[in-house]
Peer 1: 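Okay, handing you the structure first.
Chain A is the first sequence line, chain B the second, and so forth, proteins listed ahead of strands; every chain is numbered from 1. On a predicted model such as this, the values are computed, not experimentally measured, just so you know.
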Protein chains: 2
Amino acid sequence: MVKITDVARRAGVSPSTVSYALSGKRPISAETRRRVQAAVRELGYRPHAGARALAGSRSNVLALVVPLRAGIHVPVVMRFAASVVTAARAHDHDVLLLTQEEGEEGLRRVADTALADALIVMDVQLRDPRLPLLRELDRPSVLIGFPRESTGLTCIDLDFKAAGEVCVDHLARLGHRVVALVGSPPEVYVRQTAFAQRVVQGFTAAADRAGLVSSVHPCAAAPGSALAVAERLLREQPAPTGVVVHNEPLLEPLIDAFEQLGLRVPGDLSVTAICPDEFAAAVRVPVTSVAVPAAEVGARAVELLMAKLGGAADVPQATLLPPRLTERASTAPRTA
Amino acid sequence: MVKITDVARRAGVSPSTVSYALSGKRPISAETRRRVQAAVRELGYRPHAGARALAGSRSNVLALVVPLRAGIHVPVVMRFAASVVTAARAHDHDVLLLTQEEGEEGLRRVADTALADALIVMDVQLRDPRLPLLRELDRPSVLIGFPRESTGLTCIDLDFKAAGEVCVDHLARLGHRVVALVGSPPEVYVRQTAFAQRVVQGFTAAADRAGLVSSVHPCAAAPGSALAVAERLLREQPAPTGVVVHNEPLLEPLIDAFEQLGLRVPGDLSVTAICPDEFAAAVRVPVTSVAVPAAEVGARAVELLMAKLGGAADVPQATLLPPRLTERASTAPRTA
DNA sequence: GTGAAAGCGCTAACAC
DNA sequence: GTGTTAGCGCTTTCAC
């Protein structure tokens with residue numbers, strides 16, 4: 001294994017100079033820096049992660065808690081995770097994978113052993129049992145999602161309440177008077193998963209404000225349930241002409257089901273969704289949607305963490321990304 | 001931060017005794033062990049990961065390369081990943097998440113910096129560019145999947161060739177004479193992803209052996225393509241009465257499409273799949289399937305790695321899990 | 001602008 | 001069965 005003393009000898013300088021040349025933490029003459037860099041390259045030097053963590057009290061590792069629980073849509077979660085990894089790498093950090101099941105103990109472990117410098121937590125519930133721990137831990141953390149009480153924490157997410165509102169407003173503007181929300185699986189609401197609840201709030205509030213008739217339907221994510229849901233919606237009195245879908249795997253099957261029941265989208269029924277843009281655009285009938293900007297959220301979560309690790313005093317506690325609605329082929333003015 | 005000297009003082013022993021009491025690497029009297037454990041508990045001691053890695057030359061971290069490329073089905077990948085994390089934790093290891101894009105550089109980095117003790121690589125291609133590196137690296141690795149040339153490597157996976165064969169044999173036994181394989185997305189074959197190729201081999205070989213007419217259809221994973229695929233199959237001359245699906249997201253939509261075209265499953269058409277059991281069982285018509293035992297593969301990959309880290313000399317180079325076919329409602333004897 | 005040297009907290013010889 | 005001690009490879013004072 002190549003170590004810093006090897007590089008120092010080769011470059012004809014002291015180990016500390018090598019360290020400083022690499023970290024840039026003190027001025028180094030151009031010539032010395034050049035020689036150090038050459039030696040590093042020639043020997044293929046890589047600082048030992050453990051030694052660096054021990055001496056520098058920074059592991060350059062972020063811990064990421066990924067939810068793999070019932071009802072969450074894995075492909076969306078992985079978009080968040082992938083963008084976190086990419087952003088972390090851009091800051092010379094690696095990412096440690098923790099699962100939900102590890103719970104608070106996992107967070108405490110990686111913090112106490114100094115395995116990770118900071119934590120990113122996904123799938124936040126309105127009253128999340130991990131909040132007290134996150135507040136008391138000596139390591140900075142960022143939540144992707146907003147609990148009910150977020151003081152003392154740093155949170156970022158799409159403004160899901162506003163997302164629900166924007167969808168309803170769009171449908172209302174098109175003349176629709178009866179709207180329905182096809183939501184996430186029931187277990188997600190039972191757990192009080194924050195983002196799902198917020199969509200319902202925004203959806204309902206906007207409908208009330210606009211004087212629309214509205215209903216909410218939590219739905220299992222199996223494609224087979226699409227037809228049942230569609231039939232249930234159409235049986236309502238009055239029947240909705242505008243639908244908001246907040247359930248990725250059900251989106252395409254649901255549109256198929258409507259057409260199978262003889263309804264044209266958007267001729268008879270307008271559909272909007274809250275999901276990543278790529279999903280909405282890939283459906284057979286491209287769907288008007290509010291984007292869940294997973295890549296942006298992941299990247300910005302990392303930026304927030306880096307700012308906190310850098311000792312920035314002005315890190316915003318709450319970052320709510322405003323919804324952005326893209327019109328596609330699935331919505332149209334109400335006919336008749 | 002609580003350190004080992006704090007524990008030692010509290011327990012009235014030396015630091016090394018604490019270390020040994022915790023690692024079990026040398027005999028400790030019952031009384032001493034008890035005192036050490038009490039001190040650890042009372043102080044909430046956790047060994048510093050970096051210090052431990054530096055002194056012990058073991059980081060207790062495994063690196064896992066997760067594929068997030070086009071055409072792979074993310075929920076299946078996450079089953080592997082989740083089982084790796086769980087198994088790793090059972091061996092007191094954590095898991096570092098690497099993405100495909102990091103490629104060889106990422107593997108080299110975590111190995112050279114001693115961030116990880118060992119590597120698990122998924123999404124193996126027949127001629128994988130990472131193989132030379134994995135062979136030369138000083139850290140043990142396990143591949144989930146088999147490249148064409150696997151000497152000098154440790155690999156584990158379902159025997160996908162046999163899985164393809166078992167599906168065909170099952171259909172042949174039921175009297176079907178014309179069979180079709182609905183495969184993974186084209187890009188997966190273009191990349192020469194090993195498991196997809198092997199299913200085709202097994203499928204074709206078994207069909208030839210049994211004197212069946214067979215055809216292979218790579219298919220995009222969008223549910224919208226199901227109807228097109230179904231129509232294409234039925235237009236063939238002669239039309240297949242047995243179908244093998246090796247494409248998770250298409251399974252349910254495809255069955256819907258068949259019925260939409262007036263074909264009963266299994267009355268007119270028998271369908272088998274190669275996918276995790278949970279997926280096959282959850283379809284509206286539960287599908288006869290060969291299980292992709294993701295949890296078992298992930299767990300055993302970790303066991304293999306632990307054996308190699310432990311210096312075991314008899315670690316098997318190749319572990320091919322035999323296919324296990326479960327009959328469900330989607331297959332029946334050929335009628336007419 | 002550079003070097004010398006003191007740790008960081010732990011493990012593992014080497015003692016006894 | 002237990003203690004003493006020498007590092008592991010790096011960062012960071014402190015000194016010049």
Peer 1: Expressed as a whole number of angstroms, how long is the span from B:Asp6:CG to C:dC8:P?
Peer 2: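 One finds 12 Å between P of C:dC8 and CG of B:Asp6, rounded.
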Peer 1: Any base atoms under 4.0 Å from B:Ser29, or only sugar-phosphate, or nothing? Heavy atoms, all strands.
Peer 2: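 The residue B:Ser29 makes sugar-phosphate contact but no base contact.
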Peer 1: Search all heavy atoms of B:Ala301 against all heavy atoms of B:Ile156 and return the closest pair with its distance.
Peer 2: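 Here B:Ala301 and B:Ile156 meet closest at CB-CG2, 4.1 Å.
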Peer 1: Compare the minimum distances between each of D:dG9, C:dA12, C:dC10 and the side chain of B:Tyr20, then state the nucleotide with the smallest one.
Peer 2: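 The listed nucleotide nearest to B:Tyr20's side chain is C:dA12.
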Peer 1: Could you state the atom-to-atom distance from CG of A:Leu22 to P of D:dT11 in whole Å?
Peer 2: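 In whole Å, D:dT11 P lies 8 Å from A:Leu22 CG.
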Peer 1: Go through the N and O atoms of the side chain of A:Arg26 and the base of C:dG3, and report whether any donor-acceptor pair is under 3.5 Å.
Peer 2: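 Side chain to base: pair present.
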Peer 1: Starting at the 5' end of DNA chain D and moving along, which residue's nearest nucleotide shows up first, B:Leu54 or B:Pro27?
Peer 2: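 So the residue in question is B:Pro27.
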Peer 1: May I ask you to say what A:Thr32 touches in the nucleic acid, namely base, sugar-phosphate or nothing, with a heavy-atom cut-off under 4.0 Å?
Peer 2: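 Here A:Thr32 touches the backbone only, sparing every base.
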Peer 1: Which nucleotide in the list C:dA13, D:dC10, D:dT13 gets nearest to the side chain of B:Ser16?
Peer 2: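 Nearest listed nucleotide: C:dA13.
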Peer 1: Measure the distance from CZ on B:Arg58 to C1' on C:dT11 and round it to the nearest whole Å.
Peer 2: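 About 13 Å, once rounded to whole Å.
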Peer 1: Is there a side-chain contact between A:Thr319 and A:Leu321 in this structure, where contact means two heavy atoms from C-beta onward sitting under 4.5 Å apart?
Peer 2: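 Side-chain contact under 4.5 Å: yes.
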Peer 1: Toward the 5' end of DNA chain D, which comes first, B:Ala55 or B:Ser14, by nearest nucleotide?
Peer 2: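 Final value for this comparison: B:Ser14.
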Peer 1: Of the nucleotides D:dT12, C:dG9, D:dC10, which has the atom closest to the A:His48 side chain?
Peer 2: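 That would be D:dC10.
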Peer 1: Expressed as a whole number of angstroms, how long is the span from A:Asn60:CG to D:dG9:C1'?
Peer 2: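 So the two atoms are 15 Å apart, to the nearest Å.
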Peer 1: If I take atom NZ in residue A:Lys25 and atom P in nucleotide D:dC10, what distance separates them, rounded to the nearest angstrom?
Peer 2: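 Rounding to the nearest Å, NZ of A:Lys25 and P of D:dC10 are 14 Å apart.
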Peer 1: Between B:Glu303 and B:Arg300, does at least one N-O distance fall below 4.0 Å, as a salt bridge requires?
Peer 2: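 Looking at B:Glu303 and B:Arg300, the cut-off is not met.
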Peer 1: Given C:dT11, is OP1 or OP2 found less than 4.0 Å from the side-chain N or O atoms of B:Ser19?
Peer 2: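 Checking B:Ser19 against C:dT11: at least one side-chain N or O falls below 4.0 Å of OP1 or OP2.
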Peer 1: I need the CD1-P distance between B:Ile4 and D:dA6, as an integer number of Å.
Peer 2: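 So the two atoms are 18 Å apart, to the nearest Å.
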Peer 1: When you check the gap from the basic side-chain N to the acidic O, do A:Glu104 and A:Arg108 get nearer than 4.0 Å?
Peer 2: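 No.
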Peer 1: When the distance from CZ of A:Arg52 to C1' of D:dT12 is rounded to whole Å, what number comes out?
Peer 2: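 Answer to the nearest Å: 14 Å.
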Peer 1: Please determine whether a side-chain nitrogen or oxygen atom of B:Thr17 lies at a distance below 4.0 Å from atom OP1 or OP2 of D:dG3.
Peer 2: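 Looking at the OP1 and OP2 atoms of D:dG3, one of them is under 4.0 Å from a side-chain N or O of B:Thr17.
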Peer 1: Hey, is the side chain of B:Lys3 poking within less than 4.0 Å of OP1 or OP2 on C:dC8, counting only N and O atoms?
Peer 2: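 So the side chain of B:Lys3 is outside the cut-off, no N or O lying under 4.0 Å from OP1 or OP2 of C:dC8.
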Peer 1: May I ask you to evaluate whether B:Tyr45 reaches the phosphate of C:dC10, defined as a side-chain N or O under 4.0 Å from OP1 or OP2?
Peer 2: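 It does, given that an N or O in the side chain of B:Tyr45 lies less than 4.0 Å from OP1 or OP2 of C:dC10.
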Peer 1: Nearest whole angstrom, please: distance from the P of C:dA12 to the CD1 of B:Ile28.
Peer 2: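 Rounding to the nearest Å, CD1 of B:Ile28 and P of C:dA12 are 13 Å apart.
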Peer 1: In a check of side chain to side chain contact (heavy atoms under 4.5 Å, CB included) between A:Leu98 and each of A:Val66, A:Val110, A:Val121, which one passes?
Peer 2: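 Answer after filtering A:Val66, A:Val110, A:Val121: A:Val110.
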